[in-house]
Amino acid sequence: MQTMTMNPVSDPSERFLDALTDAQRSAVTHTEGPLLILAAAGSGKTRVITRRIAYLLSLGIPPWQILALTFTNKAAAEMRERVATLLEAEPESDRLTRGLTVTTFHSLCARLLRRYAAHMEGMPNWRTKPDYTIYDMDDQSALMKRVLKELELDKSQWQPRAVLSAISGAKNALQSPDEFQAQSSDYYSNTIARIYHAYERALRAANAVDFDDLLLLTVDLLRRNETARAEVQDRWRYLMIDEYQDTNQAQFILSTLLCGSNSASGVGGVRGVRGVGGVGGQPNVCVVGDPDQSIYGWRGADISNILDFESTYPGAHVIALGQNFRSTAPILAAADTLIRNNSKRKHKDLFTTREGGSPPTVVLCQDEHHEAKLIVDWLRALHDQALPDDDPDASSLTWKDMAIFYRNNALSRVLEDECRGAGIPYVIARGTAFYQREEVKDAIAYLRVVANTADDVSLRRIINKPARKIGKTTIDRLDTFAAHHELSLFKALHAADQAQDISPAACKAVAKFTGMIDSWNAGGTFMGSDIPASLADLVSRVISESKLEDHYIAASKKREDDAQKLENLRELVSSARDFELEFDPTNDPALADVPADPTQPIDEADTPPLLVMLRAYLESIALVADADAIDPTAGAITLMTLHAAKGLEFPAVAMVGLEEGLLPAQRALASEDELEEERRLAFVGITRAMSHLTISSARYRTHRGLRERTIPSRFISELPEGGITLSDQTDAYDDTARDWGAPGGGADFDNTNTPASRFKPGNRKPTPKLPGELSYEREVPDIHNLAAGATVRHPQFGVGVVASISSRGMNARATIEFRDAGKKTLVLQYARLEILE
DNA sequence: AAAACTGCATCTCAA
DNA sequence: ATGCAGTTTT
């Protein structure tokens, strides 16, 4: 047991055990040895975790000995905040939490790799210097394309996406290229092994890691380096892991290394390393999760981590939290009935204290526009609802109390249009969106090169952007030169004048470019008076001196949406400034060090402040998650994917697109396991709802340009018969679900899958034009204010009338019927159109 | 070397 | 329908 170095909180049992159920209370107070908390949806999981942390602190456990791991920054931030709130009333509450580590798996790994970079030198797959770059999917894909070219493999036969996914699988299973190769027998896997080798070599050359590497390399580090392992295990004595059902193999091994359970970690027989001072040598590891909410199997999550917890840690204590505090009885019943269809499942009883409430509604709609309209109408009605005095659930729902969930991001479009058209405020949970914009990625690529000149992917991205006379030929020659002399591309740029085949003009352009980069980081030293004074200053200088700014200023005179890009670049500067103001290297909320802690940062003491800041900034950008963007204080409806919804709750929830091939997804139809995961996904969606739930399915949906007949999701027929309200709005088909609810489920639905093109209204009652259907025509405030029916002139084709516009993204296209030239489809982004009327 | 055009593949989910 | 890459045009 630890010596008490802090003053215990006055009376912990009063303050932190107050108003808990027996099960919750025992989860909070069971502090020693392995503990598995099976927390059903809505069972007060976060409440238990935060109170458990507060309780540990109240016992006098030093805060720096506690490590809590989550999957998203948002979850970590919320947890920190709630712990702080719990301790607010205590004297010296700041000191009580100083050094407490609550962070994500990936952030923790990023920090450990940085700190122990020097310890990894000489390790077989040693790769990182402290300023490594974290590659996102785009970067990985760019790198993979180069690798494939180098190996002379056809990229249509070896799709970067598929190859990367195979490699990701290997990494999640902690397989090195050699290990992967050893168990490859056929041509396909042997080739993947070759690619894996080359890809790793390329990453290493760029001093870069991918997301999987963060975990993999940290596991490697802790397995191989006794110093790092001992320091880490010595510091953290109490480990807590949230959403344990979503951990993959790498995360599992990492957790065993962190908590010092060496037998399970593959370290084996290392003497003297016995981290975590638990009773009877048992590690103090507490994991929280729910097998019914395991929805990341496709990402390598291994549900057996949670199912086998008791055999991994013999003598583990198990506590089940089954009582639901969130949803009304009918909603919980729907969720329960659905999830019972999963056969590979340990049943647990769900029960709620929230009796009463209205049953969920299932709406059958005509098509996606109709669906969007009905959902928005439903939400509007809830919002405008008069308040009955006797029903507390009906009380004043505001926009922020509502959410719409869908299976994939493509479905958000129609819903956005409908919300916009109805004047309802909405936000889309896409935290990464900003940093994925082209112009922002460009600016960040400059910053990455400043921090890590070996980063080839970023360097290639920006070397001629904006155009600075360094063309493909020059780069190809420099590539050859670099390969010949075993230099990084950036070093080759510096030596361009020594390459025979580079023209003097090209040399000059290259020198100007390298000179610019060198001026920002003083040739990599970050020393001297000429380097930027602050991070915001650096970002600002990069944007202006790279001429990125000028480029968009010039462009924005011609193209309206280039003005937005300029705006985004300016926003990046202020984001850097905000970061700078918040960031305190001596008190990182994620990984704070405390005076008493022996593991001081070892690489940052002599590091120039600007570099420290830049590293932290780039890291924080690389690790933002979509879910991080959800701002509960915004007065708007939240639109998000079902995956992003996990862990959240809303008084009113709408789930759209419950159709075969969508939810469950096409890919899952063939496999029983994947089908069950889709069912869990639906379960997660339903259990987010506190009081109101609507589920919808559209009879027709436009897929890839084609309007297709759909089949209602089997999950709809798996909901409790009589436990829901069915509302069939597809009045063109009044016989739609006549056998609704009968045994056999999905088979009772109309299974004809006729292409809509052959659909003839014929004798059917004509469906009234839905307001939503025209929305794309009136909404499209496209860049040229073009609308169907407008008359335009094209320099080449002459005068014509716009027949239709397909808006969306940057590549909006218009089909125009020209008087002389016939029908043409033009890309609005490029076409030089003059609007006549 | 940049702008415009054409063909081809594509639609999960995401740290 | 849309986004990408490679190609043709200016």
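Just so we're on the same page: letters track the sequence lines, and every chain starts at 1. All values below come from the heavy atoms of this structure, side chains included, with hydrogens, waters and symmetry mates left out.
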Next on the checklist: Using OP1 and OP2 only, check whether a side-chain N or O of Q251(A) sits under 4.0 Å from dA15(B).
Outcome noted: no
Item to check | Given DNA chain B, 5'-ward residue of the pair K472(A) and L623(A), judged by closest heavy atom | outcome: K472(A)
Next on the checklist: Just to be sure I understand the rule, does F71(A) reach a base, reach only the sugar-phosphate, or reach nothing, if contact means heavy atoms closer than 4.0 Å?
Outcome noted: sugar-phosphate
Checklist outcome for this item: ring pair (Phe, Tyr, Trp, His ring centres under 6.0 Å) filter on F715(A), not counting sequence neighbours, yields none
Checklist entry - Do the numbers put R468(A) on top of the ring of F513(A), so that NZ or CZ is under 6.0 Å from the six-membered ring centre and no more than 45° off the axis? => result no
Item to check | Proximity to the side chain of N409(A) - top-ranked nucleotide from dT10(B), dA15(B), dC13(B) | outcome: dC13(B)
Item to check | Atom-pair distance (CG on N172(A); C1' on dA15(B)), nearest Å | outcome: 11 Å
Next on the checklist: For F650(A), does the six-membered ring have the charged nitrogen or CZ of R688(A) within the cation-pi criterion, i.e. under 6.0 angstrom from the centroid and within 45° of the normal?
Outcome noted: no
Between the protein and nucleotides 6-8 of chain C, list the N/O to N/O atom pairs that are separated by less than 3.5 angstrom.
{"unit_1": "dG6(C)", "atom_1": "OP1", "unit_2": "K155(A)", "atom_2": "NZ", "d": "3.2"}

Item to check | Any D242(A) side-chain heavy atom under 4.5 Å of M79(A) side chain | outcome: yes
Next on the checklist: For the P atoms, the ones on dC4(C) and on dC13(B), what distance do you get once it is rounded to whole angstrom?
Outcome noted: 15 Å
Item to check | Passing candidate, side-chain contact (heavy atoms from CB on, under 4.5 Å) with C109(A), options T104(A), L217(A), L254(A) | outcome: L254(A)
Checklist entry - Could you state the CG-P distance from D139(A) to dA15(B), rounded to the nearest angstrom? => result 15 Å
Checklist entry - Does K145(A) put a side-chain nitrogen or oxygen below 4.0 Å from OP1 or OP2 of dC4(C)? => result no
Checklist outcome for this item: In whole angstroms, the gap separating P of dT12(B) from CG of N408(A) amounts to 8 Å
Checklist outcome for this item: Per atom distances to the H703(A) side chain, the nearest of dC13(B), dA15(B), dC11(B) is dC11(B)
Checklist entry - Expressed in angstrom and rounded to an integer, what is the separation of I463(A) atom CD1 from dA1(B) atom P? => result 12 Å
Next on the checklist: My understanding is that only one of E368(A), E659(A), H369(A) makes a side chain to side chain donor-acceptor pair (under 3.5 Å) with R701(A); could you say which?
Outcome noted: E659(A)
Next on the checklist: Just the rounded figure in Å: distance from P of dA14(B) to CD of E243(A).
Outcome noted: 15 Å
Checklist entry - Could you give the CG-to-P distance, from D476(A) to dA1(B), as a whole number of Å? => result 11 Å
Item to check | Closest-nucleotide ordering on DNA chain B, the 5'-leading residue of A668(A) and H106(A) | outcome: A668(A)
Checklist entry - Between N73(A) and dA15(B), is there a side-chain N or O to OP1/OP2 distance below 4.0 Å? => result no
Checklist entry - Is any side-chain heavy atom of N408(A) closer than 4.5 Å to a side-chain heavy atom of L662(A)? => result yes
Item to check | With sequence neighbours excluded, residues passing ring pair (Phe, Tyr, Trp, His ring centres under 6.0 Å) with Y296(A) | outcome: W298(A), H643(A)
Checklist outcome for this item: Rounded to whole Å, CG of L663(A) lies from C1' of dC11(B) at a distance of 15 Å
Checklist entry - Which is true for Q159(A) with a 4.0 Å heavy-atom rule: it touches a base, it touches only sugar-phosphate, or it touches nothing? => result sugar-phosphate
Next on the checklist: Side-chain N or O of N248(A) versus OP1/OP2 of dA15(B): is the shortest distance under 4.0 Å?
Outcome noted: no
Next on the checklist: Taking 4.0 Å as the cut-off, does a side-chain nitrogen or oxygen of T641(A) come that near to OP1 or OP2 on dA14(B)?
Outcome noted: yes
Checklist entry - Tell me: CE of M640(A) to C1' of dC13(B), nearest whole Å? => result 14 Å
Checklist entry - dC13(B) base stacked by Y296(A)? Criteria: ring centres under 5.5 Å, plane angle under 30°. => result no
